[in-house]
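For reference, the structure discussed in these notes is given below.
All figures in this text were calculated on a predicted structure; none of them were measured in a lab.
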Amino acid sequence: MTRLACVLVGALVVLAGLSGAATAQPTQSAQAQPYSLSGGVTEPIYSYAGAVRESVWVDTGTEVDGDGHPDRVAVDIIRPAEPAAAGQRISTIVEVSPYYACCGRGNEAQLKGYAPDGTPERFPLFYDNYFVPRGYAVALVDAPGTNRSTGCSDNGGPLDNGAGKAVVDWLGGRAQGYDAVRHGKPVTADWASGTAGMIGKSADGWAANGVATTGVEGLRTIVPIGGVTSLYRHFNADGASGGYPPGSGEPKPPDPDPTQEKRCAPFHDELAEQQGEQADWNRYWAQRDHAPQANGIRASVFVVHGLGDVFNAPTRDLQRWWTALGDQGVGRKLWLGQAGHVDPFDFRRGPFVKTLHRWFDRWLYDIDNGIDTEPPVLRESKPDTWVPEQAWPPADTQEVTLWPNAGAGSGPGGLARTPAPSGTDSFVDDPELSRFDWVLDPEASSPARVVYRTEPLPHDIRLSGTPSVRVTASSTTDTARVGAAIVDYGRATIRDYLGDEQGIRTLPERSCWGASTPADSACYLETEIALTDVDHEIIASGAAELGNWATLGQQLPLTPGRFYPKSMGLSAVDHVVPAGNRLAIVLGGTDAQGFFAPSQRPEIELDLTRTSVTLPLAPGS
């Protein structure tokens, strides 16, 4: 039995013992509710300065870092003192993050801060300042192996998800917590109602998604912001390896304990072996793929994602996740913006705080405020213009397939509703170029790409959903990569999501959102929208390894000169191509922006009669 298998077996045994020893699920006091309503929402009635601030270390039921002690995650808690004194129990907002000590949270990269005696006194972001006076607890959890937590991360797998689940279980009286990272006295959450919501951006949203798939009791809602839902689709694409070197494991934030990485090295080596040397689908990736696990979710889900999030958390899995939630009857809400990897607190601050407030009130305190009967989708149709909709993609969206045909000489080709009767085209993989290079100057000759575009459109069309591309291609080498970009060629003013701040601009002025102390201010730098003028825009992209033509589970060597079929899903899109613009598909080799090149530089030939692009065309287009 492998070391990891032993760890998992041990975890099951320990958790089974804890379930028998822990106290029963707490129930709400028969006294008045621990909140007051004003205008249909909870109002600030409790002292923030006098709130209880404490740290608890929760047993995860594992021991993976080899230090001889049970793994524990550090939970820094702030909660109003008054409800517990009155015998009332309160709900908890939880964020699990690896970034509290190394990289920070929010637009100002806030870190946790502690008093000289170790008491937490600075809680990043506005959640504590705003929600604690309204009768909520806020619990910020150091992800396994980071900051003050022990253990090791398994890249969003069963152990990471189990750690977050253990915290929710502790809030519900089903797991053990202590007042120290080693040994210590038991601590119970006798102030907690057992109901919790999770929130977080990026890795923190990934953690919320993963914990929700466990179906843990008491987790009522999650709010993933730019959160990953498939580790495979985050780093790879249809066999094409990207994001970090194959077999290395996900990059981990630096830890203040220099021995932590050394202790976790054997565990991470085993994870790298499970992952494999190529981007072949296997059990490792399946364990970290949330859409098929949506049947375990008992929480509602409020998804926030930017279509301009092309580097940090690309939208390759967004539609599949959203659809899976709907198929399982999960209460859901979606904000679909045009910014990049940006928190809605920084791209739509006032409306987001108001919406989040109502969302937590509804799901954590059962306040019937109507938010779950409003249109579930809010879409940014153009910069800073938001449109409510009943569905995404819209009902009756149709898939339309277009086939390329070669252009005259070295110029761009066309796109037609029927396949060309014959024809081939070719390009040479240049791993130093990215899709952003391929799409420049479509009229110019380039050996590294091929361009196929429509005539100027006679009217607007809206693409909404996930496009796909199917190529039939041969290679001069035994490995080959194909990349694709769908492009809107025409002048427009858009959010500058490729800029330094990914669609926003930070201002020197501050606005305040809650109560403050000298150690923890509720005032944050304001932002405004950042715009840019463009003459083209990549609206979707993807990649594929031609060697995975038969199965995603195994890359096979190619026979030079033989044609292979390969399909690739692209990133999600919701975009209006205006009348007069041209819509194009651009194909190239290795996209240097996000993927690793094959060892050789192949020439790739396309059979145009068996190559196509399928677009999700919204009704009325």
Side-chain angles (χ1 to χ4, degrees), residues 33 35-46 48 80 90-95 105-107 123-138 197-201 205 208 220-226 299-306 331-339 342-381 383-390 392 503-504 507 509-516 521-529:
Q33 295 287 4
Y35 57 79
S36 175
L37 294 180
S38 176
V41 295
T42 53
E43 62 176 338
I45 59 174
Y46 297 125
Y48 179 76
I90 60 176
S91 296
T92 308
I93 298 167
V94 179
E95 183 173 25
R105 309 314 296 132
N107 198 31
F123 291 74
L125 304 177
F126 75 98
Y127 309 138
D128 57 308
N129 310 90
Y130 188 85
F131 284 104
V132 168
R134 288 170 166 81
Y136 291 86
V138 173
M198 294 186 68
I199 191 171
K201 175 190 166 192
R220 293 280 193 87
T221 192
I222 63 170
V223 185
I225 300 166
S300 63
V301 182
F302 177 9
V303 178
V304 181
H305 217 113
R332 56 183 184 155
K333 190 173 188 65
L334 172 65
W335 273 24
L336 191 61
Q338 295 183 354
V342 181
D343 196 297
F345 187 73
D346 292 320
F347 68 70
R348 201 165 185 256
R349 182 167 296 180
F352 175 66
V353 173
K354 180 179 179 180
T355 302
L356 185 66
H357 185 180
R358 295 177 65 222
W359 187 260
F360 280 148
D361 278 358
R362 165 64 184 88
W363 293 105
L364 298 186
Y365 279 131
D366 296 319
I367 296 170
D368 186 8
N369 54 26
I371 194 168
D372 50 337
T373 63
E374 297 171 356
V377 178
L378 194 64
R379 175 179 63 90
E380 190 176 13
S381 60
D384 216 21
T385 298
W386 294 81
V387 179
E389 295 188 342
Q390 290 296 334
W392 185 81
I504 64 168
L507 303 174
E509 298 81 17
R510 292 182 178 271
S511 61
C512 302
W513 300 84
S516 298
S521 173
C523 304
Y524 298 85
L525 292 173
E526 279 286 352
T527 66
E528 65 181 7
I529 190 170

For the student: nearest non-hydrogen atoms of [X] and [Y], plus distance:
X    : Y    : answer
T42  : R134 : O-NE, 3.4 Å
C523 : R510 : O-NH1, 3.0 Å
I222 : A299 : N-CB, 4.5 Å
W335 : R348 : CH2-NH1, 3.5 Å
A522 : A515 : CB-O, 3.4 Å
P80  : G135 : CG-CA, 4.2 Å

Of T355, I199, I225, the one forming a side-chain contact (heavy atoms from CB on, under 4.5 Å) with F302 is T355
task: Anything under 30° is parallel, anything over 60° is perpendicular, the rest tilted; go ahead and classify H357 against Y130.
output: perpendicular
Hydrogens and angles aside, do [X] and [Y] bring a side-chain donor and acceptor to less than 3.5 Å of each other?
X    : Y    : answer
T527 : D346 : no
D128 : Y136 : no
T221 : W359 : yes

(Q) Could you check whether any side-chain N or O of D361 sits under 3.5 Å from a backbone N or O of I367, counting only pairs where one atom can act as donor and the other as acceptor? (A)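 Answer holds: no.
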- Query: Does any N or O in the side chain of R105 come within less than 3.5 Å of the main-chain N or O of P124, such that one atom is a donor and the other an acceptor?
  - Reply: no
Can you list the residues that meet the salt bridge (charged side-chain N to carboxylate O under 4.0 Å, His left out) rule with E528, with sequence neighbours excluded?
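With sequence neighbours excluded, E528 shows a salt bridge (charged side-chain N to carboxylate O under 4.0 Å, His left out) to R505, given in chain and number order.
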Across all chains, not counting sequence neighbours, the side-chain hydrogen bond (donor to acceptor under 3.5 Å, both in side chains) partners of S511 are R349, W513, E526
Quiz item: Under the ring pair (Phe, Tyr, Trp, His ring centres under 6.0 Å) criterion, do Y524 and F345 qualify, and how do the steps go?
Solution: CA-CA 10 Å; Y524 298 85; F345 187 73; 5.4 Å; yes
